[in-house]
Amino acid sequence: MEYRTLGNTGLSVSAIALGCEGFVGKTEEQTCAEMDFAISKGINFIDMYASNPDLRSNIGKALTGRREQFIIQGHLCTTWENDQYLRTRDIDKAIASFEDQLARLDTDYLDIGMIHYVDSEEDFHEIFNGPVIRLALRLKEEGRIRHIGLSSHNPTVARMAVESGLIEVLMFSINPCYDLQPPTENVDDLWADENYAHSLQNIDPERERLYELCEEKGVGLDVMKVYGGGDLLSETNSPFGKAMTPVQCIEYALTRPAVASIMVGCRSCDEMQAAIDWCTASKEERDYTAVMAGMEKFTWKGHCMYCGHCAPCSVGIDIASVNKYYNLTIAQNEIPETVREHYKALTHHASECIQCGQCETNCPFGVAIIEQMEKAAEKFGY
């Protein structure tokens, strides 16, 4: 298993993590068996958005005796009413559900307290100017949550949360389909067929800027909807008309800036293994460009996707990393210290480019890499 640091939290999380929906409806025995399997494979991170009391209790039983080895991302503002999960902004319901969550998980803290599902600007302002954010800050001060996070599908709202300086973790939906779509307050727009009926080009700039902003601010990204609700795994359902593998979807998300972990809602050990296979997959198996390159309707022409196809560089430059660090400086008047240090730590730098053009021949998206290296060398000074 690969482990990554989740932003500035200092938490070392498994790159492959668990969404909780796959455990809904399972017995305690089934939950314990599947959690045992996950832990045996090195998974140490789970997202607990669901307020289902049986689910919470079963996960708590599965983690008995090993709570300290596991990182729990629990959600604030979910409740259980009439035998179903609901999002709530009622502060009394939010507190009661939080207390129930701790009791059923048999723990006295959450590693991350995730403010649940904030997609509209109106909702954002209600939360960040009201009792919900005060509750989160109080719980953090008391040590009952260690870090504050927020989940969203809207890059505009997510950016507002990051810029507030009050969150340390962002849970966001990332995959190559959703990345094409402009911001929306209606999550259903992300998978509506009509929104893929016309041509779309390149990652939406607000989404790309969000990922870069998280990297700049040290806000850790963990990812939901990596398979697009399963649509990307189906040739019939995918807007691309081609099926991606779980490994390709995961590779795409894990190569975005600031992304530390992928939350996969697995319904079985086989589905967990299909995600865990990313850890040992070959470069060819991880290659998502096989699906995305050469399309007429959807194109990423001229846009670096950090896919690594440009390698090997004849002088050893990690071109994808140089492009990533350079892109992190574009919207700023100065180079962030962390970006400067990451660039400095590279074995070879943009100024070493001999302009042989081999990388441009390899690039499936037609990026002007030599020009990019010149810009990076000028920006960083070497």
Side-chain angles (χ1 to χ4, degrees), residues 9 11 13 17-36 38-39 43-119 123 126-128 130-152 166-169 171 222 224 263 265-267:
T9 67
L11 296 171
V13 297
L18 298 175
C20 67
E21 58 268 37
F23 296 104
V24 173
K26 299 285 178 69
T27 65
E28 179 185 324
E29 292 73 20
Q30 289 171 321
T31 301
C32 289
E34 291 182 13
M35 285 294 291
D36 286 346
I39 292 170
I43 291 175
N44 73 343
F45 192 20
I46 188 170
D47 177 72
M48 292 286 294
Y49 83 85
S51 48
N52 183 304
D54 292 335
L55 170 68
R56 288 175 168 179
S57 295
N58 290 343
I59 295 292
K61 293 283 177 48
L63 292 179
T64 298
R66 48 193 181 189
R67 166 67 183 95
E68 297 302 321
Q69 303 167 33
F70 221 79
I71 296 165
I72 300 176
Q73 178 172 279
H75 287 230
L76 305 176
C77 300
T78 66
T79 189
W80 187 253
E81 294 182 7
N82 301 318
D83 292 328
Q84 63 180 358
Y85 130 81
L86 294 173
R87 177 179 64 171
T88 184
R89 300 300 182 233
D90 182 303
I91 202 65
D92 291 331
K93 291 180 179 179
I95 292 171
S97 183
F98 173 77
E99 298 293 351
D100 176 81
Q101 183 170 195
L102 292 190
R104 291 181 181 278
L105 291 173
D106 193 23
T107 184
D108 57 4
Y109 73 98
L110 298 176
D111 298 278
I112 302 160
M114 182 72 51
I115 300 171
H116 183 65
Y117 191 173
V118 188
D119 279 359
D123 193 25
E126 179 183 346
I127 288 167
F128 280 77
V132 172
I133 192 64
R134 291 196 293 271
L135 171 64
L137 290 168
R138 175 172 65 80
L139 293 173
K140 182 180 179 184
E141 184 178 355
E142 294 171 353
R144 303 184 76 199
I145 62 174
R146 303 292 169 81
H147 306 280
I148 297 173
L150 177 136
S151 66
S152 179
L166 296 176
I167 71 164
E168 300 164 85
V169 181
M171 187 181 192
D222 57 58
M224 56 180 162
M263 302 294 188
C266 302
R267 295 167 293 182

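The figures here come from the full heavy-atom set of this structure, side chains too, leaving out hydrogens, waters and symmetry mates. Because the structure is a prediction, the values reported are computed rather than measured.
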So how far is it from M114 CE to L150 CG, rounded to the nearest 0.5 Å?
7.5 Å

Within-4.5 Å side-chain heavy-atom neighbours: L102 and Y109:
no

To check you understand the geometry: which heavy-atom pair defines the closest contact between T88 and A94, and what is its length?
CG2-N, 4.3 Å

Look up atom CD1 in I148 and atom CD1 in I112, then write down how far apart they are to the nearest 0.5 Å.
11.5 Å

Heavy-atom check, side chain of L63 versus side chain of T107, under 4.5 Å
no

pair N44-Q69: side-chain heavy atoms closer than 4.5 Å:
no

Close side-chain approach of F23 and N58, heavy atoms under 4.5 Å:
no

Any idea which heavy atoms bring D123 and Y117 closest together, and the distance?
OD2-O, 3.8 Å

Which label fits Y49 and Y85: parallel for a plane angle under 30°, tilted from 30 to 60°, or perpendicular past 60°?
perpendicular

CG of L105 to CG of L55, rounded to nearest 0.5 Å, is 8.5 Å

Check: D54 and W80 side chains under 4.5 Å, non-hydrogen atoms:
no

Would K61 and E29 pass as an ion pair if we require N to O under 4.0 Å?
no

Run K26 and E34 through salt bridge (Lys or Arg N to Asp or Glu O under 4.0 Å) and show every step you take.
CA-CA 10 Å; K26 299 285 178 69; E34 291 182 13; 3.0 Å; yes

Working to the nearest 0.5 angstrom, can you tell me the gap between I46 CD1 and M263 CE?
8.5 Å

Considering residues, nucleotides and ligands other than E142, do more than 12 of their heavy atoms fall under 6.0 Å from its CD?
yes

Around atom CZ of R267, are there more than 12 heavy atoms from other residues, nucleotides or ligands closer than 6.0 Å?
no

Below 4.5 Å, heavy atoms only, C-beta onward: do F98 and I145 meet side chain to side chain?
yes

Less than 4.5 Å apart, any side-chain heavy atom of H75 and any of D47?
yes

With sequence neighbours excluded, what pairs up with D100 under the side chain to side chain contact (heavy atoms under 4.5 Å, CB included) test?
R56, R104

Looking only at heavy atoms, which two atoms of P131 and I91 are closest? And how far apart?
O-CD1, 3.6 Å

Tell me the closest heavy-atom pair linking L18 and A38, and the distance in Å.
CD1-CB, 3.9 Å

Are I59 and C20 close enough that some pair of their side-chain heavy atoms sits under 4.5 Å apart?
no

Is it true that a side-chain atom of D111 and a backbone atom of I72 form a donor plus acceptor pair closer than 3.5 Å?
yes

Sidechain-backbone polar pair: S57 side chain, P53 backbone, donor-acceptor under 3.5 Å:
yes

How many angstroms lie between atom CD1 of I127 and atom CD1 of I115, to the nearest 0.5 angstrom?
6.0 Å

Minimum heavy-atom distance between T78 and S51, given as atom pair plus value:
OG1-CB, 3.7 Å

Full working for side-chain contact (heavy atoms from CB on, under 4.5 Å) between L11 and F45
CA-CA 10 Å; L11 296 171; F45 192 20; over 6 Å; no

Heavy-atom nearest pair, M224 first then S152, reads CE-O, 3.3 Å

Taking it one step at a time, do R67 and D108 satisfy salt bridge (Lys or Arg N to Asp or Glu O under 4.0 Å)?
CA-CA 10 Å; R67 166 67 183 95; D108 57 4; over 6 Å; no

